Amino acid sequence: MILSVRDLKVSFRTDDGLVRAIDGVSFDLAESEILGVVGESGSGKTVSLLAVMGLITDPNAVIEGSIRYKGRELVGLPPRELRRLRGNEIAMIFQDPMTALTPVYTIGWQIAEQIRAHRNISKSKAMERVEELLAEVNFPNPHEAMSRYPHQLSGGMRQRAVIAMALSCNPALLVADEPTTALDVTVQAGILDLVRKLRATHKSAVVFITHDMGVVSELADRVMVMYAGRIVERGSRTALFSDPRHPYTRALLGSIPPLTGAKPRRLPAIPGSPPSLLRLPQGCAFGPRCPVRYEPCLTGKPDLGAATHAAACYRVAQA
Amino acid sequence: MTDKDRPILETRSLGKRFSIGTRFSAEGRRTVHAVDNVSLTVRRGETVGLVGESGCGKSTLARCLVRLYEISDGELLFEGDDITSKSLSELRPLRRRLQMVFQDPSASLNPRRRVGDLVAEPLRIHGKLSSREIASRVAELFDLVGLLPDHVMRYPHEFSGGQRQRVGIARAIALNPDLVVLDEPVSALDVSVQAQIVNLLADLQEKLDLTYVFIAHDLSVVRQVSTRIAVMYLGSIVEDGPAEEVFSTPAHPYSQALISAVPVVETTPSGTRRRIILTGDVPSPLDPPSGCRFHPRCPIAAERCRTERPEVREFRPGRKVACHFPTV
Ligand SMILES: Nc1ncnc2c1ncn2[C@@H]1O[C@H](COP(=O)(O)OP(=O)(O)OP(=O)(O)O)[C@@H](O)[C@H]1O
Ligand SMILES: Nc1ncnc2c1ncn2[C@@H]1O[C@H](COP(=O)(O)OP(=O)(O)OP(=O)(O)O)[C@@H](O)[C@H]1O
Ligand code: SF4
Ligand code: SF4
Ligand SMILES: [Mg+2]
Ligand SMILES: [Mg+2]
């Protein structure tokens with residue numbers, strides 16, 4: 001296993017009380033594996049992976065549990081050690097490209113610095129590499145693009161610059177947080193190919209957060225569905241899409257607008273909104289919005305269990 | 001002409017140029033033609049979906065449409081009135097009627113202000129309402145977009161992405177606009193929240209008689225919301241027509257490639273859909289290819305395409321394409 005996360009819990013102390021962002025998440029990731037992570041917005045996808053990267057800087061955060069990278073415990077590792085791992089072996093593509101880019105420097109300079117921070121090469125060599133990388137992420141005119149400032153690029157170009165930065169070190173573990181949301185489908189297809197290539201040539205493991213089910217079904221080997229800080233369903237891509245079990249997963253798949261055939265007048269959205277993480281409901285967190293809730297759901301919290309294809313739901317356990 | 005057919009917004013050969021670099025940089029000052037020769041008509045009550053490759057000029061065009069950018073070339077007409085070079089003070093009365101929802105709600109909402117305040121802001125600036133009237137209008141708007149009354153006192157970071165997006169929409173519709181330009185309003189949302197917002201936009205359109213220009217990369221969302229589709233490539237519109245028709249029978253080779261590349265959840269055995277993979281370099285608006293700008297990547301490009309730029313022409317009532325050899 002390249003990555004083993006056990007019973008990860010992340011909470012934030014706020015004026016209103018404790019926000020339980022991650023409430024017991026466990027998963028494994030093998031070499032050359034691509035794990036897709038989907039789920040409600042606010043369900044903890046970003047926070048759980050920031051925790052893995054040791055990038056939660058909020059002093060009010062409380063992190064519990066275990067995160068092992070190649071057998072080595074990361075929770076409690078000194079920041080300096082973590083920084084060495086990041087960029088060398090582990091890379092992250094942030095959801096918002098502007099968190100990784102500085103407005104005052106050109107993107108060429110920023111990517112070159114990132115390369116030079118971890119590898120001892122000359123400035124001109126680094127610049128050559130930057131040009132190659134920008135070409136790989138489909139920049140028109142990569143040489144010219146190096147001298148642009150972030151605000152002179154379109155949203156999707158900024159995102160691709162950040163992808164180039166993350167790929168620059170051929171990471172053993174790549175964590176990508178919605179890397180293709182600002183990209184059109186053709187450019188997106190190119191980026192997905194790059195991720196596959198990274199896996200093929202460097203045996204890299206990839207965690208890919210996205211809300212695009214089409215992307216998940218094309219790229220991921222396994223999928224994890226999150227709701228209110230927990231994993232509610234986990235399984236191979238084929239199992240999850242052909243036989244979704246958790247009521248939330250089913251509803252999520254049902255909300256996708258069709259690309260062909262008749263256009264529904266309204267999309268089948270899930271009624272209600274996700275629970276406040278300050279006051280999680282008693283029992284199953286999806287309960288208040290669940291169409292098949294029954295007695296046991298009101299008091300107990302359903303477990304995910306250990307099966308390869310597992311759903312944290314009493315109805316599923318019973319079936 | 002009935003009210004429905006009357007254009008609310010019209011561009012005539014609209015263009016937007018940026019200059020980049022300085023005279024000291026290696027290549028000197030250069031011009032990016034981000035939007036080039038766009039003629040688009042938006043009729044009252046319709047939703048025009050704007051799609052195209054990343055960097056093709058959608059956001060730039062969107063900002064030109066609401067005059068957040070100065071327009072470099074061509075004309076922009078609002079209800080037949082030329083507003084291309086109106087000054088900021090002349091635009092003031094129009095601002096109320098032309099609104100924009102930005103792609104990233106968190107970047108466009110001041111984090112230190114309560115969301116009730118943020119929604120009240122346009123009312124204070126443009127309206128002549130008492131503070132009591134403003135409060136009741138804010139409550140009404142919150143209800144309309146599906147936010148709870150006690151959300152008024154919260155700060156933006158205390159909301160989920162979908163709720164923040166609703167705040168952005170509440171702000172945009174606060175002054176009863178006629179036209180709202182939405183730049184990727186649902187791209188950052190999971191599909192269930194996305195479905196809620198898409199339904200909300202449809203309800204508001206019906207209730208308030210709104211017209212939308214809707215930008216998104218997710219083509220299934222675009223298909224759901226749009227009555228018409230305009231496909232952009234390298235700064236220009238290459239195809240324009242009723243949404244259903246453009247999706248089922250795209251005429252331009254670029255539209256065909258775009259629609260075929262959509263990743264879908266495969267419930268049918270794979271291999272039933274043929275994907276057109278575009279080869280060749282993505283061209284740059286700094287030095288666009290000669291002739292048809294798509295020719296270096298077009299699977300059916302012919303000699304003529306390299307030299308002669310195809311004009312936009314209407315090949316059937318309501319359907320336009322800029323291609324020498326469209327599939328019609
Ligand atoms: N610093 C913080 N203080 C308090 N709450 C926080 C903080 N950071 C995150 N949260 C909360 O933790 C929860 C999980 O957030 P996270 O960003 O992981 O969601 P997500 O699943 O990535 O959602 P999205 O799809 O919208 O990106 C959210 O409800 C968020 O409001
Ligand atoms: N301020 C600016 N200065 C220089 N060039 C710019 C500026 N803003 C945009 N551009 C360029 O104009 C072109 C169009 O950008 P725009 O942001 O409109 O694209 P877009 O279609 O919205 O792309 P995306 O889908 O990635 O958001 C791009 O080549 C971009 O680099
Ligand atoms: S445990 Fe009960 S409430 Fe929760 S998802 Fe299953 S059926 Fe619904
Ligand atoms: S004009 Fe020629 S190159 Fe351009 S899209 Fe049509 S066939 Fe292709
Ligand atoms: Mg996130
Ligand atoms: Mg854009």
Side-chain angles (χ1 to χ4, degrees), chain A residues 14 16 38-43 95-96 98 135 138-141 144-145 147-148 152-157 159-160 178 180-189 192 211-219 241-242 251-253 255-260 263-270 273-274, chain B residues 18 20-21 25-27 30 32 51-60 103-104 106-107 160-163 184 187-196 198-199 202 217-221 223-224 244 247-248 257-259 261-267 275 277-278 281-287:
Chain A
T14 70
D16 300 329
V38 300
E40 188 88 10
S41 110
S43 62
Q95 188 165 8
D96 176 2
M98 284 317 281
N138 245 318
F139 255 87
N141 239 334
E144 186 275 326
S147 61
R148 295 240 200 148
Q152 294 177 319
L153 301 171
S154 79
M157 290 166 154
Q159 207 167 25
R160 279 178 276 161
E178 312 210 359
T180 60
T181 39
L183 304 180
D184 64 279
V185 288
T186 47
V187 174
Q188 172 173 279
L192 300 189
H211 58 81
D212 188 327
M213 295 295 177
V215 169
V216 179
S217 87
E218 275 201 5
L219 187 71
F241 286 112
S242 59
L252 200 60
L253 292 174
S255 307
I256 306 171
L259 191 62
T260 50
K263 205 151 100 171
R265 219 186 65 75
R266 293 179 71 79
L267 293 174
I270 307 174
S273 44
Chain B
F18 295 106
I20 55 161
S25 44
E27 278 121 343
R30 305 177 72 192
V32 179
V51 299
E53 203 156 38
S54 163
C56 73
K58 302 178 296 296
S59 298
T60 305
Q103 176 178 3
D104 181 0
S106 43
S160 76
Q163 288 169 325
E184 308 206 20
S187 304
L189 308 176
D190 69 83
V191 285
S192 73
V193 180
Q194 183 176 290
Q196 286 178 344
V198 164
N199 290 339
H217 284 304
D218 187 328
L219 294 185
S220 58
V221 172
R223 176 175 179 264
Q224 177 68 26
E244 285 299 319
F247 269 99
S248 56
L258 190 69
I259 290 164
V262 181
V264 289
V265 176
E266 295 284 358
T267 39
R275 185 162 295 180
I277 303 290
L278 288 180
D281 288 340
V282 184
S284 156
L286 269 174
D287 65 295

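Order of the sequence lines sets the chain letters (A, B, ...), proteins ahead of strands, with each chain counted from 1. Everything quoted here is computed from the prediction, not taken from an experiment.
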Check whether [X] gets within reach of chain B through its side chain, its backbone, both or neither, counting any heavy atom under 4.5 Å.
{"X": "A/Ser154", "answer": "side chain"}
{"X": "A/Ser242", "answer": "neither"}
{"X": "A/Gln152", "answer": "side chain"}
{"X": "A/Arg265", "answer": "both"}
{"X": "A/Gln159", "answer": "neither"}

Open item on the list: Applying side chain to side chain donor-acceptor pair (under 3.5 Å), can you list everything that pairs with B/Ser59, at least two apart in sequence or on another chain?
Closed with: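 Side chain to side chain donor-acceptor pair (under 3.5 Å) list for B/Ser59, sorted by chain: B/Asp183.
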TODO: Any chance you could lay out the side chain to side chain contact (heavy atoms under 4.5 Å, CB included) test for A/Thr260 and B/Phe247, step after step, and finish with the verdict?
DONE: CA-CA 8 Å; A/Thr260 50; B/Phe247 269 99; over 6 Å; no
Below 4.5 Å, heavy-atom pairs only: which of [options] has the largest tally toward chain B?
{"options": "A/Ser43, A/Gly156, A/Ala269", "result": "A/Ala269"}
{"options": "A/Val215, A/Asp212, A/Leu252", "result": "A/Leu252"}
{"options": "A/Pro264, A/Gly39, A/Pro274", "result": "A/Pro264"}

- [ ] Evaluate side chain to side chain contact (heavy atoms under 4.5 Å, CB included) for B/Val51 paired with A/Asp184, printing each intermediate quantity in order.
- [x] CA-CA 8 Å; B/Val51 299; A/Asp184 64 279; over 6 Å; no
- [ ] Report the option among B/Val191, B/Asn199, B/Val32 that has the most heavy-atom pairs separated by less than 4.5 Å from atoms of chain A.
- [x] B/Asn199
TODO: Go through B/Val198, B/Leu286, B/Asp287, B/Asp218 and name the one with the most non-hydrogen pairs under 4.5 angstrom from chain A.
DONE: B/Leu286
- [ ] Specify the closest pair of heavy atoms between B/Ser187 and A/Thr181, including all atoms of both residues, with the distance to one decimal.
- [x]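 Closest approach of B/Ser187 to A/Thr181: O-CG2, 3.5 Å.
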Task: Minimal non-hydrogen separation, A/Glu40 against B/Ser192, with atom names - done: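 Between these two residues, the closest heavy atoms are OE1-OG, 3.4 Å.
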- [ ] Check side-chain contact (heavy atoms from CB on, under 4.5 Å) between A/Pro257 and all other residues, then give those that pass, not counting sequence neighbours.
- [x] A/Leu267, B/Gln194, B/Ser220, B/Val221, B/Gln224
TODO: Measure the CZ-CD distance between A/Arg266 and B/Gln196 for me, rounded to the nearest 0.5 Å.
DONE: 10.0 Å
Open item on the list: I need the B/Ser54 OG to A/Arg160 CZ distance, nearest 0.5 Å.
Closed with: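 Those atoms lie 4.0 Å apart.
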Open item on the list: A side-chain contact here means heavy atoms from C-beta on lying under 4.5 Å apart; do B/His217 and A/Leu183 qualify?
Closed with: no
TODO: Please check if the side chain of B/Asp190 supplies one atom and the backbone of A/His211 the other of a donor-acceptor pair under 3.5 Å.
DONE: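 Not a single qualifying donor-acceptor pair exists.
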